[in-house]
Every structure is written in structure tokens, then in C-alpha cells.
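Order of the sequence lines fixes the chain letters, A, B, ..., with proteins taken first and strands second; residue numbering starts at 1 for each chain. Heavy atoms only: backbone and side chains are in, while hydrogens, waters and symmetry mates are out.
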2 protein chains.
Amino acid sequence: MMNKQKHIPNRDVQDVIELIGGRWRGAILASLCDKEKRFNELKRDLGTITPRTLTKELKYLEINKLVIREVDAEGSISVVYSLTKHGMSLEPLIGQIVVWGQKHRKEVLG
Amino acid sequence: MMNKQKHIPNRDVQDVIELIGGRWRGAILASLCDKEKRFNELKRDLGTITPRTLTKELKYLEINKLVIREVDAEGSISVVYSLTKHGMSLEPLIGQIVVWGQKHRKEVLG
DNA sequence: AATAGCGCTATCTTTTTGGATACTACAATA
DNA sequence: TATTGTAGTATCCAAAAAGATAGCGCTATT
């Protein structure tokens, strides 16, 4: 055995948690796992988020290649947000977060 | 069908991410997945964390039942931090975070 | 023409987070 | 006895995150 190596590389944990962390990013991604959505649709979905924060977080996620912003300009203006391939690849992870939360929230989160 | 329910309960995502989020909590938990550790051992492991922050985060994790703080006072003073059952149950999740990070960091995190 | 909805932006303030730095009490070691 | 290590605390401060509130240009509806 003699395992002197670090079992888990903390750096990856830190980086990924920064990517999906904060108050809103995980929730936004989870909401987009469901289906692509428009700005105000997301806003309603997330409840108490302010438009300023939603804009900022969506931009962050776009820059980090997890979300796509598309303008469907056919007469009326409509913006659609959806997940990139990378974003979609987070779905099992987010699913597992949800499952863990459902199992443990009563005991851990009070 | 008429499924008006939210497919993924965002609230769980938000709560769990808060629990393991921030700059340090995930990394602390990951480090303790490896094995139980002492205060300064953790500090060295985490590199640039300040003692103030480490204390605070460990307290938070203790309050939220993910970490146990034990004092082994046998002549010399020694404090050991380890994971509770709930904390240990996060291991697969943290493992998946690491795996995702390793797969996607080059493309997403630059 | 007025109103409502969309997709934001702008400004200001509060809250949260976490770093810097110094210091402490105690014990073991040299 | 001086130094080193352990396990923290105490203060202060800067930066980041996020809320409150208002408003804007555009379109569709009534």
C-alpha cells in the first residue's frame, strides 16, 4: 500500500467549485439542464435573483464555456440560453449534488 | 403529462454548494477524505490558507456535521480533525468533481 | 396611444469573504 | 534556557459578491 501520494488533488476541487459555486451558478446550470431558457424565464425560475446578478453570472458561464447565449432575431427579439457540451457534461455531477442534498439535508442542513 | 414541476430542484443545488463551496471548504473536505489530520497538517496541505480562515471553515464544517474535532490530550496537546458519516458520504461526490475537473480543465479553465 | 413584457444596464449600498499581521498559551526539544 | 512546534485568537482591512432600485430601448398587445 504505502500510499504517500495525495489521494485527492485539492486544486481540481477548488477550481471546479469556483466554476459552479457561489450563490447562483449551480442553480442556473441546474435550471438549464432541464431545458434551454430565456432570460426572464431563468429569472422567474430562480426566484429572488436580481437581473444584475443574473446577467453577470450568465456572462461568467458564457466566458467559461458552459453556457451559450443565442439571439433569435426574427422580427421579435428573443435571447435563449442553453448549455454547451461542457455544461451538459456537468449534468450527472449536478444530479449527484441534488441526490446528496435530498438524502442529507434534514440531518445536516437542519 | 403536463409536467409543470421543476425537473431539478435548484434549492438542493444551492444548499449543497453552499455547504461545500467557497474557496476552501471543498478542499478541506477533500483533504480529510484522504485521512484524518491535525490543524497544522491541514494548513500545510492547503498551502496558502491563513489560520484564521482555517479555524473558521473548520468550525463551519463542524457545526454542519461534516467534520469532527477531537482533542487527544495525553500529556501533549493534539487536535485531530476527521470526517463524520455525512462528511464521508460526500467522498464520491468530491471524487466526481475531481474527475470532471481533470477532464475539462484544459478546455474550460484555460 | 397606453400598457406590458423582454432583456438588459447603471448606480449605490450592504454583506460576505478572506487575506495580512501580530500575538497567545502551552509543550517538547536542543 | 532559548527555540521550535502546535493550535489557535484578535484586529484590521481590501476585495468580491450580491441586493435594492431605477431606468432604457425595443416590441407586441390592447
Side-chain angles (χ1 to χ4, degrees), chain A residues 10-11 13-32 35-64 66-82 109, chain B residues 10-11 13-32 35-64 66-82 109:
Chain A
N10 298 329
R11 205 49 192 287
V13 178
Q14 279 183 302
D15 289 346
V16 176
I17 284 178
E18 195 191 327
L19 204 59
I20 66 169
R23 176 110 100 232
W24 295 111
R25 297 211 266 268
I28 291 169
L29 292 168
S31 178
L32 291 176
K35 58 180 179 66
E36 57 174 40
K37 281 176 187 157
R38 316 233 301 243
F39 186 86
N40 283 326
E41 208 175 348
L42 273 169
K43 193 162 142 13
R44 281 187 297 267
D45 220 40
L46 297 164
T48 58
I49 197 169
T50 61
R52 174 188 177 279
T53 301
L54 183 53
T55 302
K56 245 192 37 181
E57 297 307 304
L58 284 170
K59 238 168 226 162
Y60 175 92
L61 293 171
E62 208 192 338
I63 285 166
N64 287 281
L66 298 178
V67 159
I68 302 163
R69 178 182 182 276
E70 278 168 305
V71 183
D72 284 20
E74 293 267 343
S76 80
I77 292 162
S78 162
V79 179
V80 176
Y81 292 93
S82 57
L109 301 165
Chain B
N10 297 332
R11 204 52 191 285
V13 179
Q14 278 184 302
D15 289 346
V16 175
I17 283 177
E18 196 191 326
L19 205 60
I20 66 171
R23 175 110 103 234
W24 295 111
R25 296 211 266 270
I28 292 170
L29 292 168
S31 178
L32 291 176
K35 58 178 178 68
E36 57 174 40
K37 282 178 186 154
R38 317 235 300 244
F39 185 86
N40 283 327
E41 209 174 349
L42 273 170
K43 191 160 142 14
R44 280 187 296 267
D45 220 40
L46 296 165
T48 58
I49 196 169
T50 61
R52 173 187 176 279
T53 302
L54 183 53
T55 303
K56 245 191 38 179
E57 297 305 306
L58 284 169
K59 238 168 225 162
Y60 175 91
L61 293 171
E62 208 192 339
I63 286 168
N64 289 281
L66 298 178
V67 160
I68 301 163
R69 179 183 182 274
E70 278 169 304
V71 183
D72 285 18
E74 293 267 342
S76 81
I77 292 162
S78 161
V79 180
V80 176
Y81 292 92
S82 57
L109 301 165

Practice prompt. For A:Glu62 and C:dG7, give me the distance from atom CD to atom P, rounded to whole Å.
Written response: 15 Å

Fill in: A:Arg69 CZ to C:dC6 C1', straight-line distance once rounded to whole Å
12 Å

Worksheet item: Does any N or O in the side chain of B:Gln14 come within less than 3.5 Å of the main-chain N or O of A:Trp24, such that one atom is a donor and the other an acceptor?
Response: no

Worksheet item: What integer distance in Å separates B:Phe39:CZ from D:dT9:C1'?
Response: 10 Å

Practice prompt. Send over the distance from A:Asp45 CG to C:dG7 P, rounded to a whole Å.
Written response: 14 Å

Response to the item:
Between CZ of A:Arg38 and P of C:dG5 the distance, given in whole Å, is 13 Å

Worksheet item: Taking the six-membered ring of B:Tyr81, is NZ or CZ of B:Arg38 closer than 6.0 Å to its centre and within 45° of its axis?
Response: no

Practice prompt. Could you tell me the separation between the CD atom of B:Glu70 and the P atom of D:dG8, rounded to a whole number of Å?
Written response: 13 Å

Discussion item. We want to know whether A:Ser31 and B:Asn10 form a side-chain donor-acceptor pair, criterion being a heavy-atom distance below 3.5 angstrom.
Written reply: no

Item to complete: Check whether any side-chain N or O of B:Arg44 sits under 4.0 Å from OP1 or OP2 of D:dT6, and answer yes or no.
Response: yes

Worksheet entry | Length of the CD-C1' vector between A:Gln14 and C:dT17, whole Å | 14 Å

Practice prompt. Please identify each residue that fulfils side-chain hydrogen bond (donor to acceptor under 3.5 Å, both in side chains) with B:Asn64, with sequence neighbours left out.
Written response: none

Fill in: Any side-chain heavy-atom pair of A:Val79 and A:Glu70 under 4.5 Å
no

Discussion item. Students often get this wrong, so: under 4.0 angstrom with heavy atoms, is B:Tyr81 touching a base, only sugar-phosphate, or nothing?
Written reply: sugar-phosphate

Worksheet item: Under a 4.0 Å heavy-atom cut-off, which of residues 48-59 of chain B touch DNA chain D?
Response: B:Pro51, B:Arg52, B:Thr55, B:Lys59

Item to complete: Keeping the roles fixed (side chain from A:Thr53, backbone from A:Ile49), state whether a donor-acceptor pair exists under 3.5 Å.
Response: no

Worksheet item: Are OP1 or OP2 of D:dG19 and a side-chain N or O of A:Arg23 less than 4.0 angstrom apart?
Response: yes

Worksheet item: Taking atom C1' of D:dA17 as reference, at what distance in whole Å does atom CD of A:Glu18 sit?
Response: 12 Å

Discussion item. Walk me through whether B:Arg25 and B:Glu57 qualify under salt bridge (Lys or Arg N to Asp or Glu O under 4.0 Å).
Written reply: CA-CA 6 Å; B:Arg25 296 211 266 270; B:Glu57 297 305 306; 2.8 Å; yes

